[in-house]
Amino acid sequence: MIAKLAKTCTLRISPDKLNFVLSDKVANGGVSMWCELEQENFFSEFQMEGVSAENNEIYLELTSENLSRALKTAQNARTLKIKLTNKHFPCLTVSIELQLSVSSSSRVVTHDIPVKVIPRKLWKDLQEPTIPDADVSIYLPVLKTMKSVVEKMKNISNHLIIEANLNGELNLKIETELVCVTTHFKDLGNPPLASENASQDRNSEQMAEVHIDIRKLLQFLAGQQVNPTKATCNIVKDKIVHFDLLHEDVSLQYFIPALS
């Protein structure tokens with residue numbers, strides 16, 4: 001999923017969590033991403049030592065596809081071990097013990113993935129993004145359906161208007177000089193807390209909209225191979241759209257800024 005969303009990303013390792021972070025400056029029109037895994041849900045044994053006791057973290061920059069490719073070879077593995085090594089340059093070494101057959105011995109396959117260790121002075125740009133107060137929060141439709149709609153719209157325009165209200169309605173719109181196309185999704189529902197906070201001063205029919213680059217939305221949707229357990233879209237009018245997804249043990253936040 002991450003490899004489809006970001007060519008290179010930062011892996012943040014802390015004693016209880018792993019994060020995949022993409023922080024393209026939103027000011028430059030870039031998307032940002034924060035993906036979180038609780039380490040205890042994935043590893044039976046976990047040892048890490050950060051820079052110091054009070055800064056017990058490690059930040060590594062890597063090519064996501066390299067890690068994805070290495071882990072794919074571990075599908076039938078007996079054990080999988082990931083460690084930070086130094087082989088003339090820093091590497092994330094993935095050791096996979098494969099069971100060849102029921103009776104025979106096993107074989108160990110090793111992948112050395114080059115990484116860049118990020119110095120502490122740059123950590124401040126890689127912190128968990130603050131969630132802006134949304135004008136509207138709404139549950140997303142089935143992402144596969146949404147993706148096929150957006151794919152067709154991309155043939156007509158590079159810009160997309162995404163709008164929603166507190167009545168469970170979400171519209172995807174494109175407007176060009178020649179044509180205006182809108183896809184309506186109804187009865188999606190709104191997260192309870194968000195609706196209460198926003199609805200005090202907002203008419204539930206009133207749409208909040210944001211203009212975004214359709215390719216950035218498509219890249220996000222293309223990265224979703226499985227429909228998530230929970231998927232929410234938060235719109236800050238004319239500023240940003242924030243997607244919040246939960247896949248069993250993995251949470252993903254994805255931010256697409258508005259076009260200026």
Side-chain angles (χ1 to χ4, degrees), residues 1-14 16-26 29-43 57 59-69 71-72 82 92 125-134 136-151 160 162 164 170 172 185 188-191 193-194 210 212-236 239-258:
M1 177 174 82
I2 301 293
K4 281 190 160 61
L5 295 177
K7 195 177 170 190
T8 57
C9 71
T10 300
L11 171 60
R12 171 185 178 265
I13 303 165
S14 66
D16 52 352
K17 289 186 174 78
L18 295 181
N19 296 99
F20 291 97
V21 186
L22 175 68
S23 157
D24 280 359
K25 293 283 171 284
V26 172
V31 297
S32 54
M33 167 188 84
W34 180 268
C35 180
E36 188 160 288
L37 294 72
E38 297 281 342
Q39 67 83 0
E40 61 181 22
N41 294 335
F42 292 86
F43 301 101
E57 297 171 327
Y59 287 76
L60 306 171
E61 189 181 291
L62 51 85
T63 303
S64 350
E65 184 57 42
N66 290 349
L67 182 57
S68 166
R69 212 177 289 141
L71 294 174
K72 270 188 187 133
I82 303 175
L92 208 54
D125 299 330
L126 298 163
Q127 297 311 302
E128 183 166 4
T130 46
I131 313 290
D133 288 335
V136 168
S137 287
I138 190 165
Y139 292 121
L140 285 169
V142 175
L143 297 182
K144 212 171 171 184
T145 311
M146 201 169 156
K147 180 180 165 223
S148 64
V149 168
V150 176
E151 269 171 346
L160 173 94
I162 183 165
L170 173 81
L172 302 175
F185 295 96
L188 295 172
N190 303 86
L193 193 68
V210 67
I212 56 171
D213 183 331
I214 199 164
R215 290 162 301 189
K216 287 174 180 163
L217 177 60
L218 201 54
Q219 187 177 14
F220 164 70
L221 292 168
Q224 309 309 314
Q225 277 101 19
V226 263
N227 209 50
T229 329
K230 189 171 127 250
T232 316
C233 167
N234 302 308
I235 295 174
V236 183
K239 286 212 176 110
I240 201 162
V241 57
H242 163 227
F243 296 100
D244 192 357
L245 269 53
L246 191 65
H247 292 271
E248 291 176 15
D249 293 331
V250 179
S251 73
L252 172 71
Q253 296 185 57
Y254 197 79
F255 300 81
I256 304 176

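Every heavy atom of this structure was used, including side-chain atoms; hydrogens, water molecules and symmetry mates were not.
- With sequence neighbours excluded, the residues satisfying side chain to side chain donor-acceptor pair (under 3.5 Å) with Arg215 are Asp213.
- Looking only at side-chain heavy atoms (C-beta outward), Leu67 and Phe20 come within less than 4.5 Å of each other.
- Side chains of Pro228 and Leu246 form no contact here, defined as non-hydrogen atoms less than 4.5 Å apart.
- Taking every heavy atom of both residues into account, Ala6 and Leu22 meet most closely at CB-CD2, 3.9 Å.
- Inter-residue side-chain proximity for Gln219 and Val31 is flagged as unmet; no heavy-atom pair is nearer than 4.5 Å.
- By the 6.0 Å contact criterion, CD on Glu38 is enclosed, its count of non-hydrogen atoms from other residues, nucleotides or ligands being greater than 12.
- Remark: Tyr254 engages Phe220 in a ring-ring contact (aromatic ring centres under 6.0 Å, His included) (not counting sequence neighbours).
- With sequence neighbours left out, the salt bridge (charged side-chain N to carboxylate O under 4.0 Å, His left out) criterion links Glu151 to Lys147.
- Contact detail for Glu248 and Thr229: the closest heavy-atom pair is N-OG1, 3.1 Å.
- Contact detail for Val250 and Cys35: the closest heavy-atom pair is CG1-SG, 3.5 Å.
- One distance of note links CD of Glu128 with CD of Gln253; it measures 5.5 Å at 0.5 Å rounding.
- His242 meets the ring-ring contact (aromatic ring centres under 6.0 Å, His included) test with Phe255; sequence neighbours excluded.
- Atom CG of residue Leu160 and atom CD1 of residue Ile214 lie 4.5 Å apart, to the nearest 0.5 angstrom.
- Glu65 is not listed as a side-chain neighbour of Lys7, based on a closest heavy-atom distance of 4.5 Å or more.
- With sequence neighbours excluded, the residues satisfying ring-ring contact (aromatic ring centres under 6.0 Å, His included) with Tyr59 are Trp123.
- Between atom CG of residue Leu11 and atom CG of residue Leu62 there is a gap of 5.5 Å, rounded to the nearest 0.5 Å.
- In this view, Phe43 and Phe46 satisfy the ring-ring contact (aromatic ring centres under 6.0 Å, His included) rule, not counting sequence neighbours.
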Between Met146 and Val149, does the side-chain contact (heavy atoms from CB on, under 4.5 Å) criterion hold? Intermediate values first, please.
CA-CA 5 Å; Met146 201 169 156; Val149 168; 5.8 Å; no

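- Here Ile13 contributes atom CD1 and Leu92 contributes atom CG; the two are 6.5 Å apart, rounded to the nearest 0.5 Å.
- Side-chain contact between Ile162 and Leu170: present, with at least one pair of heavy atoms (C-beta onward) separated by less than 4.5 Å.
- Here the CD1-CD1 distance, from Ile240 to Ile256, works out to 9.0 Å after rounding to the nearest 0.5 Å.
- Contact between Asp133 and Val236 at its shortest, heavy atoms only, is O-CG2, 3.7 Å.
- Here the side chains of Leu221 and Leu217 are in contact, with some heavy-atom distance below 4.5 Å.
- No option in Ser23, Ser251, Pro129 other than Pro129 meets the side-chain contact (heavy atoms from CB on, under 4.5 Å) test with Trp34.
- With hydrogens and angles ignored, the 3.5 Å screen pairs no side-chain donor or acceptor of Thr8 with any backbone N or O of Thr63.
- Contact detail for Cys9 and Ile2: the closest heavy-atom pair is SG-CG2, 4.0 Å.
- Side-chain atoms of Glu36 and Asn19 include a donor-acceptor pair closer than 3.5 Å.
- The two residues Lys4 and Ala222 make their nearest non-hydrogen contact at CD-O, 3.3 Å.
- We find the NZ-CD distance between Lys17 and Gln39 to be 10.0 Å, quoted to the nearest 0.5 Å.
- For the residue pair Ser137 and Asn234, a side-chain donor N or O sits within less than 3.5 Å of a side-chain acceptor on the partner.
- A 4.5 Å side-chain heavy-atom check between Leu252 and Phe243 finds every atom pair outside the cut-off.
- Side-chain contact check for Leu245 versus Leu143: some heavy-atom pair is nearer than 4.5 Å.
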